[in-house]
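Notes follow once the structure below has been shown.
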2 protein chains.
Amino acid sequence: MATQTEKCAGEAQSFERFGAAMLSGKVSDSAYLRFQSLAAYRQINAGETVPNMDLADRFVFLASGATKLVAEASGGREQVVAFHFADDLVSIPARGPHGYTLRALTDCDILVFPSLEFMQIAHTEPVTLGEVARRALHALWRCREKAVLLGRKTAQERIASFLIATARRIGSIERGACVLSLPMSRRDIADSLGLTTETVSRQFTDLRQMGLIATSGRSEVRLLDIAGLVARSGNFSIAA
Amino acid sequence: MATQTEKCAGEAQSFERFGAAMLSGKVSDSAYLRFQSLAAYRQINAGETVPNMDLADRFVFLASGATKLVAEASGGREQVVAFHFADDLVSIPARGPHGYTLRALTDCDILVFPSLEFMQIAHTEPVTLGEVARRALHALWRCREKAVLLGRKTAQERIASFLIATARRIGSIERGACVLSLPMSRRDIADSLGLTTETVSRQFTDLRQMGLIATSGRSEVRLLDIAGLVARSGNFSIAA
DNA sequence: CAGGATCATTGACCTGAGTCAAAGACGCTG
DNA sequence: CAGCGTCTTTGACTCAGGTCAATGATCCTG
């Protein structure tokens, strides 16, 4: 379980956070300064889109807040490809079969880097390059898990899997139970799990009636029986 | 369009191929030798699984042949997470919510590395580390495209997308048309696209009747109207 | 090159999730 | 703290794709 993130508004704090996460203090002063001058600091309000700048690939470091990466298919269909929280590094391709946009779920502090230049500097700093590789592989792992979910799981298994995975990222312990404060709407969850808001809602209701979860308000979910959720998540092996 | 791959059986040729792809000649002799002693060469016959060795994360370099990375969910459901062809580097996590296995579609020559040690050596060679990062980001990009496909596309759009994407990887030009020699069965395609063999078959039939493709035997597909396929692929922007 | 096993195709029917529509809850603003 | 817009929930019905079952095409082996 990760701890919830505090606010961190401000360019200096944001870059400091980036340094701690990606440069881990072992980077040369010159590289440090080059990263600093390359970084474009932005504050993004909830609901806003991270502007596309030019048409190049970008890395976005999320210093605070939460975002979703949305891919658009034809016919206005949207798929949420990933959610991100503080300290995450997001890779956004400029173009492809689908258009990608990064949208803020809450107010965010971010640093935007052009990928090409970022990688050029990183090539002189093994620590940072290794961190990019490590994070990319981790994101790939998560994306594969999502592919299994989207390709082969029922609506209920998708919701159970989502709750377990999200709890591991932003859940907190409160009076023995795991509590989630979801920054995303039912629509975001639906677009992430390949469902509709109606189906998401129905599955929440079912899990509530089974006594596996309790909800209060629009965003708070309390996981009452994690073992029961795992059993219903469609996972092959028991998650570690 | 990539060119089809020739056979390359043999440990020496396989490692040479690895060197050309991942070390690009600029690597120190000591790192070269360390990679060489870390690599476990294997020949895998079509249909066989790459043995799990110990329980650690692995990188597999595919020197020749084609493989599928399969994730297993509960109830024996299988999801093909990715296909791989010659010169691809596959990252296989040891454990997670779903068990992963790498299976050969054709006879293969592979090099297996334990991830941890591989990354340790790579940290001394920016070229290789950068290549790992580049490939991981590329695999992530592909996996995201797959998530859009699995989350939001119809059966027909999935098949069209699959044919276009596969043509780009292993298609060859023959008398003006793009020809695919698919190394995977209908079941593999179905497990990759989140469908059943029956649905895959029906969609092939439909595309054939629309005059977009022609098939001969079990594995050969001729793309007669690529623009038509793209139009039916559900892609948002026209693919480059 | 005949026999047989596997793989692919086709057809009939069924179901889980989508769609459409309406009512209810939340939470924001004045 | 009342009013209103948005988000969520619930219900009735539809349909794309799954399931079950049978037939037909490949291709491999002896």
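Atom set for the values below is all heavy atoms of this structure, side chains included, hydrogens, waters and symmetry mates excluded. Just so we're clear, the structure is a prediction, and the values are computed from it rather than from any experiment. Convention: sequence-line order gives letters A, B, ...; per-chain numbering from 1.
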Base, backbone or nothing for each nucleotide of nucleotides 11-22 of chain D, written B, S, -, heavy atoms under 4.0 angstrom, 5' to 3'? BB----SSBB--

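Pairing each heavy atom of B:Phe236 with each of A:Glu72, the nearest pair is CB-O, 3.0 Å.
Listed by chain and residue number, A:Leu62, A:His84, A:Leu102, A:Cys108 satisfy the side chain to side chain contact (heavy atoms under 4.5 Å, CB included) test with A:Thr67 (two or more places apart in sequence, or in another chain). Partners of A:Phe61 under the ring pair (Phe, Tyr, Trp, His ring centres under 6.0 Å) rule, at least two apart in sequence or in another chain, are A:Phe18. Scored by the side chain to side chain contact (heavy atoms under 4.5 Å, CB included) test, B:Glu16 finds no partners at all (sequence neighbours excluded). Partners of B:Phe59 according to the ring pair (Phe, Tyr, Trp, His ring centres under 6.0 Å) rule, which considers only residues two or more places apart in sequence or in another chain, are B:Phe118.
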Just list the side-chain donor-acceptor pairs under 3.5 Å for residues 158-165 of chain A, sequence neighbours left out, or say none.
| unit_1 | atom_1 | unit_2 | atom_2 | d |
| --- | --- | --- | --- | --- |
| A:Arg158 | NE | A:Lys153 | O | 2.9 |
| A:Arg158 | NH1 | A:Leu193 | O | 2.7 |
| A:Arg158 | NH2 | A:Leu150 | O | 3.2 |
| A:Arg158 | NH2 | A:Lys153 | O | 3.0 |
| A:Ser161 | OG | A:Lys153 | NZ | 3.0 |
| A:Ser161 | OG | A:Glu157 | O | 2.8 |
| A:Ser161 | OG | A:Ser233 | O | 3.0 |

So which protein nitrogen or oxygen atoms get under 3.5 Å of nucleotides 23-30 of chain D's nitrogens or oxygens?
| unit_1 | atom_1 | unit_2 | atom_2 | d |
| --- | --- | --- | --- | --- |
| D:dT26 | O2 | B:Arg218 | NH2 | 2.9 |

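The backbone N or O of A:Ser74 sits less than 3.5 Å from a side-chain atom of A:Arg77, completing a donor-acceptor pair. Between the side chain of A:Asp107 and the backbone N or O of A:Ala46, at least one donor-acceptor pair lies under 3.5 Å.
Annotation: the span from B:Leu140 atom CG to A:Ser91 atom OG amounts to 6.0 Å, rounded to 0.5 Å. Considering CZ of B:Arg144 and OH of A:Tyr100, their distance stands at 6.5 Å, rounded to 0.5 Å.
Interface limits on DNA chain C: the 5'-most and 3'-most nucleotides within less than 4.0 Å of chain B heavy atoms are C:dT6 to C:dA12.
Sorted pairs that involve residues 194-219 of chain A and meet salt bridge (charged side-chain N to carboxylate O under 4.0 Å, His left out), not counting sequence neighbours, are lacking altogether. The list of salt bridge (charged side-chain N to carboxylate O under 4.0 Å, His left out) pairs with a residue in residues 184-195 of chain A, not counting sequence neighbours, reads A:Lys68-A:Asp188, A:Arg187-A:Asp191, A:Asp191-B:Arg152. Applying the salt bridge (charged side-chain N to carboxylate O under 4.0 Å, His left out) test to every pair with at least one member in residues 170-180 of chain A, sequence neighbours left out, gives these pairs: A:Glu174-A:Arg222.
A:Leu207 has its CG atom 12 Å from the P atom of D:dT9, to the nearest Å. What separates CZ of A:Arg186 from C1' of D:dT9 is a distance of 10 Å, to the nearest Å.
In the helix from C:dC1-D:dG30 to C:dG30-D:dC1, the terminal helix axes, each the rotation mapping four pairs' C1' atoms onto the next four within five end pairs, subtend 50°, rounded to 10°.
Residue A:Ser185 is in sugar-phosphate contact alone, with no base atom involved, counting any heavy-atom pair closer than 4.0 Å across all strands shown.
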